[in-house]
Structure formats: C-alpha cells, structure tokens
Amino acid sequence: MSIRFYNTLTNQTEEFQPLEPGVVRMYSCGPTVYDFAHIGNFRSFLFADLIRRFLEVMGNQVIHVMNITDVGHMTDDQLADGGGEDKMQAAAKRLKEDKKSGKVPEGAIANPDDPYQVAHYFTQAFIEDARKLGLKLAFEYPQRMPHATACIPEMQQMISELIQKQHAYVGGDGAVYFSVESFPEYGRLSGNTLDQLREGSGGRVQEADQIHKRHPADFLLWKPDQSHIMKWDSPWGTGYPGWHIECSVMARKLLERDVIDIHTGGEDLIFPHHECEIAQSCGANEKQHFARFWMHARFLMVEGEKMSKSKGNFFTVRDVLQGKVTGRPVHPAVLRFELIKSHYRSNMNFTEKGLRDSAGAVRKLNEFERQLSSQTGGQAAEIDNSHPVLAEFLGALSDDLNIAGALGVLFPWMSQPHPDPHTALAVLRTINRILDVAPMEHAEELDEEVSGGEALDIQGLCRGIDEARATKDWPRADELRKQLQEAGYEVRNSPEGTVATRQLA
RNA sequence: GGUGCGGUAGCCAAGUGGCCUAAGGCGAUGGAUUGCAAAUCCAUUAUUUCGGGGGUUCGAAUCCCCCCCGCACCUCCA
C-alpha cells in the first residue's frame, strides 16, 4: 500500500517514502509561549500528530520534533529596525493583570518580569493542554521538544556558516541578514518569487526600514540590541536571533540530518517562515532540499468566520474544555476528535454543533470498545494491517490522510454484527492508535480529574430511580432523572438498572 | 495585482472517466423498544443531480475551456 501526501513544494500529491526505509524524520513548527494555545494552533499540531500516528501504524519509526519558541520576538520583527513591542513583555503585562485579578493561581509564576518565567509558565500550560489532547509528542517533552533559547549557540553557528558561504551579510545597521539573491530557489515553496514580491509589496514596505538591506526581502538572522528583553552575546553584538533561524537549527540538531522527510505547519507559515527556513538550511547545509515533503494545515474557522480576538470567537483549548462553547465541560477526547475529523487541507469550521456531534461519535466509539472488551476480557486477537477493515481504513489515510473516507469505513463497520469480538477488538485498537479517542491512551487520570469533587451521589440517584420505577412512582423517577441530567449526566436504562454517565460535551 | 486551495443533499463530508440511479456521519420522518424518555435496532431521506455555461467522449461529479463564488498567503498569525 503506497502512501501519498500532498506536497506544498510541488503542489501535487506524491508518493511518500522516507529517505531511510522504516524511519521517518519529521519536524513541526511549534507554539510560541507568550500565551495559551488556541484551538487553531491545535488543529495544526494534531494534524502533525495524526500523520505521525498513521505512519507508525504503517510500520515506521517516527522521530518527531517540535520546537517551543520562547525567544521574545518583536511584534514587528520583520522590520529592519525590529520595531513594535516585545511579545514577551506584552505577555508579562497581561500576566501581571491576571495575577492581580486572581486568574493566575498563586505561586504559578513568581516574577512576570522575568521572560524565562513567562515562557516557563506558558510552556507548562501548553504541555498540559497537549497531553490532554493526546499529542504524542507532549509525552516526549523535553527530549523532542527543544526550547529555542537552549539552542542559541547552534543558531550562531549556522549564521556563521551562512556568512562564510556568502548567503548572509552584516548590514549597515550591524544586523545580520540573509541575502535572498544568493539563493535562486527562494520563492519555490510559496510561489512568491523575488520579482513577484517586489510587485506585490505595494506601499507596505517602508523605505526607511530597507536602507540597510541589499534586497527588500532579505530577512533578519541576528539583531544586535542591548535593550532587548532576552539577549545573548554574539560575534555580531549582544542581541537576539531572527525569527526563522531556530527551526532550521533545531531540525538539524535534533533530527541529526541535513535533509528531513516531512515538515509541517499551518498554512500561514508557508510564507515567509518556511520559505526562509529552506533558504537558511539549504544555504548552510549545501543540500538540494531541507524537507522533502512540506505539509500545511489550513486555517480553522469558528462558526464560519476567521477566529480573532476582536470578533469574540477566539477560544483557547482550556476555554473549550472548561465549557465556554457548550456551557458544560468538554471531554478532551471530544475536542481531539473534533479537531482531527476533517481533512487538513480544507478549512475546518469549528462549531458548537460540530463539537456535540463529535461527543456523540466519541461516546459511540467508547461504548463499542467497552462492549468488545467485556466480551473478550480485553484479549485481542493477533492481526496485521491486511485485515480487510484495517486495510480499507489505512488505505483511505494513505491517500493524503483522507480521514473522512477512513471514518466512512469505521462507522458502518461498528454497527455490523461482530461474531469474532477478539478480532474486532484488535481492529478497533489499531484504529485507536491513530485516533486516540476510544479510549484516550491517557484517559484514566483524566477521568479521575473530571469526576473528582463530585457533589451529587450519582449511584444513589440511579438506585433511587430504579426503586421509584419498581413501585411505578413515575413522577419521582422523572424528578431524579431530571436532577442528573441538569448536573450534566446522560441517563439511560440497562439490564443492570439505571446508568448515568457524564455528558462528554 | 500576484500565488495557492476549494465549491457535492437541511448540515459535515467521501467519491476524480463506466461497479455513481453519488459512501459515511449528523439531522429529519416512520416503526420496534420504553411508564414516558434516553440509548439501541429497522426503514425512508440528492431519482434528469454534483457552483453556472459550453466542449471532449459510446459514457463525466470526475477530462478541457470560459465565467461566478468562497477561503488563505503576499504584513505578526497554526
């Protein structure tokens, strides 16, 4: 079964094969840690997770690396003068306000003016969110998730290489710039070739910011700046690294190769970020390619609109899990499913209805798993990927991660009779290694968290319903059921009596 | 203006030349079940139709041309 992925570099779907058979080296652009991650961020991260899990089930070892951007970049970093406000400082300001208003728990962060503490605070929050949502990589933190600030020497090393190889120069302002004219391939990924960039620049590029650069598209590698909140010594003065260099460096350092198999990110990173990464890596490593496959997730919309703080449709992961969308807590598996269930190359529309639909799907999958587990005592048969259901499921995913096609195999199969539950369980478990919702790999500790501190006596109420029904006291039974439902439980009858389970969303 | 992706039922969405009188999910409707519900199961739910118009072909949602519409990037953004 051949795997085909859409490659942004060539604008077509191509057969995927890792350079080293059986080992996939993959890099994903990770979060900036100036704030909590939002669901759009996670759509992109979970897309990478889906690729990884799929490739693993297909028999590959996947070495997956994702950076944590904790360098305090400027809001207008692209400008030659590095103008704007430092993002880490902006975060500090917010944190101080949140601390006053009690939004930040006591002791979570001692000194918001220390950018490293700000970064640490939001890094911890990110890892926590990521683990809840089943991002496999988050369980490999920190080995596979390097901090940019821990790789400054390697960045300086690569900048030196680029200067040496005539791909970079020190501008009139003392900053180091990459010379895009030294790299004829610049523009290949995004289609934004140099002449087109010039045409499209309109009035946006300000002359004053350009005088130190040889070409308007030349981008910053190192900015000497004594006043910057995070700064390091370098041969080009004390300052901070440019926005793009960290990814080139960390990919090379942690994947231990000049050429990697897959690089992922959100579609907005195609230009300029990934274009610049390619220029840096290929320039420094003197190789034809940086990543052989570039894969990009399209943006997530919320109720049909682009998510933005000003529109009030901006949701962090914790907002959603805590019930800001649905009015009640949402199980992480539901959010995970919602964010992976649509194709990565189409705009996904995040809606309240979609979230509820996902809750139904996740509940169905989990009940199916429980039923098979109890029938088999948890003993799954030995099977391989040639099982017809798996073959069809994986076949769909092999076609550029056609998740909808794959789910179109899974759901009808679930409702068929399963004369051999041991085999069925094995199939489901294999599928779940990719989906990770039925149950989530790390669900037990999460469930405990959810059910902790419960005020209602769930068991007691269920028994009460059974007793009332036994004496045909219908008003009483209905009243108790209503209590449970209002507390966020689904109530249903079973041969063993009334059962209440927490609503998933 | 440049570059790229997309437009399939009430909604989400698969299908890229004949097995399509178009998968799957949600919803809806009818039925079984239930004290009533929920869950579950069964049935029905695009029948000159796949954004619009031309064309190629024995045959097109699928290929070609033109047009319309949406989204994204070209400036910080996953």
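First the proteins, then the strands, lettered A, B, ... as listed; each starts at 1. For clarity, every value in this text was computed on a predicted model and none was experimentally measured.
B:A43 and B:G55 are spaced 42 Å apart, taking the P atom of each and rounding to whole Å. Rounded to whole Å, the separation between the P atoms of B:C20 and B:U45 comes to 16 Å. Comparing the C1' positions of B:G10 and B:G27 gives a spacing of 8 Å, expressed to the nearest Å. Separation of the C1' atoms belonging to B:G70 and B:U29 is 33 Å when rounded to the nearest angstrom. Going from the P atom of B:A61 to that of B:A9 covers 14 Å, rounded to whole Å. B:U47 and B:G6 have their C1' atoms separated by 28 Å, given to the nearest Å. Comparing B:U21 with B:A46, their P atoms sit 15 Å apart, to the nearest whole Å.
Distances shorter than 4.0 Å separate some side-chain N or O of A:Asn41 from OP1 or OP2 on B:A78. An OP1 or OP2 oxygen of B:C73 is reached within less than 4.0 angstrom by a side-chain nitrogen or oxygen of A:Lys306. A sub-4.0 Å separation between OP1 or OP2 of B:C26 and a side-chain N or O of A:Lys364 is present. Considering only side-chain N and O atoms, A:Tyr489 lies nowhere under 4.0 angstrom from the phosphate OP1 or OP2 of B:A38. For A:Asn402 and B:G15, the shortest distance from a side-chain N or O to OP1 or OP2 is below 4.0 Å.
Atom CZ of A:Phe178 is separated from atom NZ of A:Lys213 by 13.0 Å, given to the nearest 0.5 angstrom.
Put simply, the side chain of A:Arg481 and the base of B:A38 share no donor and acceptor less than 3.5 Å apart. Counting atom types as modelled, A:Arg298 pairs a side-chain N or O with a base atom of B:C71 as donor and acceptor under 3.5 Å. Residue-to-nucleotide contacts include a donor-acceptor pair under 3.5 Å from the side chain of A:Asp478 to the base of B:G35.
We find that CD of A:Glu303 is positioned 15 Å from P of B:C11, with the value rounded to whole Å. Atom CG of A:Leu189 is separated from atom P of B:C73 by 15 Å (rounded to the nearest Å). Rounded to whole Å, atom P of B:G2 lies 13 Å from atom CG of A:Asn192. A:Met301 has its CE atom 12 Å from the C1' atom of B:G6, to the nearest Å. B:C5 atom P lies 19 Å from atom CZ of A:Phe5, rounded to whole Å. For A:Asp466 and B:G35, the CG to P distance is 13 Å, given to the nearest whole Å. When the P atom of B:G7 is taken as reference, atom CZ of A:Arg345 falls 11 Å away, rounded to whole Å. Per the geometry, NZ belonging to A:Lys482 stands 17 Å off P belonging to B:A38, to the nearest Å.
Remark: B:C50 base-pairs with no nucleotide in the shown strands. Criterion, Watson-Crick or G-U wobble with two distances under 3.5 Å. In this structure B:A28 sits in a base pair with B:U44, meeting the Watson-Crick or G-U test at under 3.5 Å. Across all strands shown, the partner of B:G70 is B:C5, judged by Watson-Crick or G-U wobble contacts whose two distances both fall under 3.5 Å. Here B:C36 sits opposite no nucleotide as a Watson-Crick or G-U wobble pair (both hydrogen-bonding atom distances under 3.5 Å). Pairing for B:A13 is absent, judged as Watson-Crick or G-U wobble with the two contacts each under 3.5 Å. Across all strands shown, B:A60 forms no Watson-Crick or G-U wobble pair with both distances under 3.5 Å. Across the strands present, B:C19 finds no partner; the criterion is a Watson-Crick or G-U wobble pair with both atom distances under 3.5 angstrom.
Residue A:Trp474 and nucleotide B:G35 are classified as a stacked aromatic pair, their ring centres being separated by less than 5.5 Å at an interplanar angle below 30°.
Residue contacts shown for A:Gly40 include a base, since a base heavy atom lies under 4.0 Å away. A:Ile270 comes within 4.0 angstrom of nothing in the nucleic acid, heavy atoms only. Residue A:Leu410 is out of contact with every strand shown, counting any heavy-atom pair closer than 4.0 Å. At a threshold of 4.0 angstrom between heavy atoms, the contacts of A:Phe299 include nucleobase atoms, whether or not backbone atoms are also involved. Using a 4.0 Å heavy-atom cutoff across all strands shown, A:Ala297 reaches no nucleic acid atom at all. As judged by a 4.0 angstrom heavy-atom cut-off over every strand, A:His38 is placed among the base-contacting residues. Looking at heavy-atom distances under 4.0 Å, A:Gly266 makes contact with sugar-phosphate atoms alone, never a base. As judged by a 4.0 angstrom heavy-atom cut-off over every strand, A:Phe337 is placed among residues making no nucleic acid contact. Here A:Glu490 lies out of heavy-atom contact (under 4.0 Å) with every strand. When heavy atoms are screened at a 4.0 angstrom cut-off, A:Asp473 is found touching no nucleic acid atom at all. When heavy atoms are screened at a 4.0 angstrom cut-off, A:Ser346 is found touching no nucleic acid atom at all.
Taking the six-membered ring where tryptophan is involved, the planes of A:Phe314 and A:His38 are perpendicular, since the angle between them exceeds 60° and thus also 30°. Aromatic ring orientation, A:Phe122 versus A:Phe36: perpendicular (interplanar angle above 60°, classes split at 30° and 60°). Aromatic ring pairs are classed by plane angle as parallel below 30°, tilted from 30° to 60° and perpendicular above 60°; the pair A:Phe219 and A:His244 is perpendicular. Ring-plane geometry between A:His274 and A:Trp294 is classed as tilted, the angle between the planes lying from 30 to 60 degrees on a 0 to 90 degree scale.
Annotation: side chain of A:Leu137 is in contact with side chain of A:Met145 (closest heavy-atom distance under 4.5 Å). Put simply, the side chain of A:Val33 does not reach to within 4.5 Å of the side chain of A:Tyr121, judged on heavy atoms.
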For ring pair (Phe, Tyr, Trp, His ring centres under 6.0 Å), just list the numbers for A:Phe126 and A:Phe42, CA-CA rounded to whole Å, side-chain angles, deciding distance to a tenth of an Å, and then say yes or no.
CA-CA 10 Å; A:Phe126 175 78; A:Phe42 265 94; 5.4 Å; yes
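Nearest nucleotide to the A:Asn347 side chain, out of B:G4, B:C71, B:G25: B:C71. Which of B:A14, B:C36, B:G24 sits closest to the side chain of A:His343 comes down to B:A14. The side chain of A:Arg469 sits closest to B:U34 out of B:A78, B:U34, B:C5. Looking at the side chain of A:Asp268, the nearest of the listed nucleotides B:A38, B:A78, B:G4 is B:A78. Of the candidates B:G4, B:C26, B:G15, B:G4 carries the atom nearest the A:Tyr6 side chain, counting heavy atoms from C-beta on.
Nucleotides of RNA chain B nearest to A:Val409 and A:Pro475 differ in position, and the one nearer the 5' end is that of A:Val409.
With A:Tyr6 as the aromatic partner, A:Arg345 meets the cation-pi criteria of under 6.0 angstrom to the ring centre and within 45 degrees of the ring axis. Cation-pi geometry between A:Arg131 and A:Phe139 is met: the NZ or CZ atom falls under 6.0 Å from the ring centre, inside 45° of the normal.
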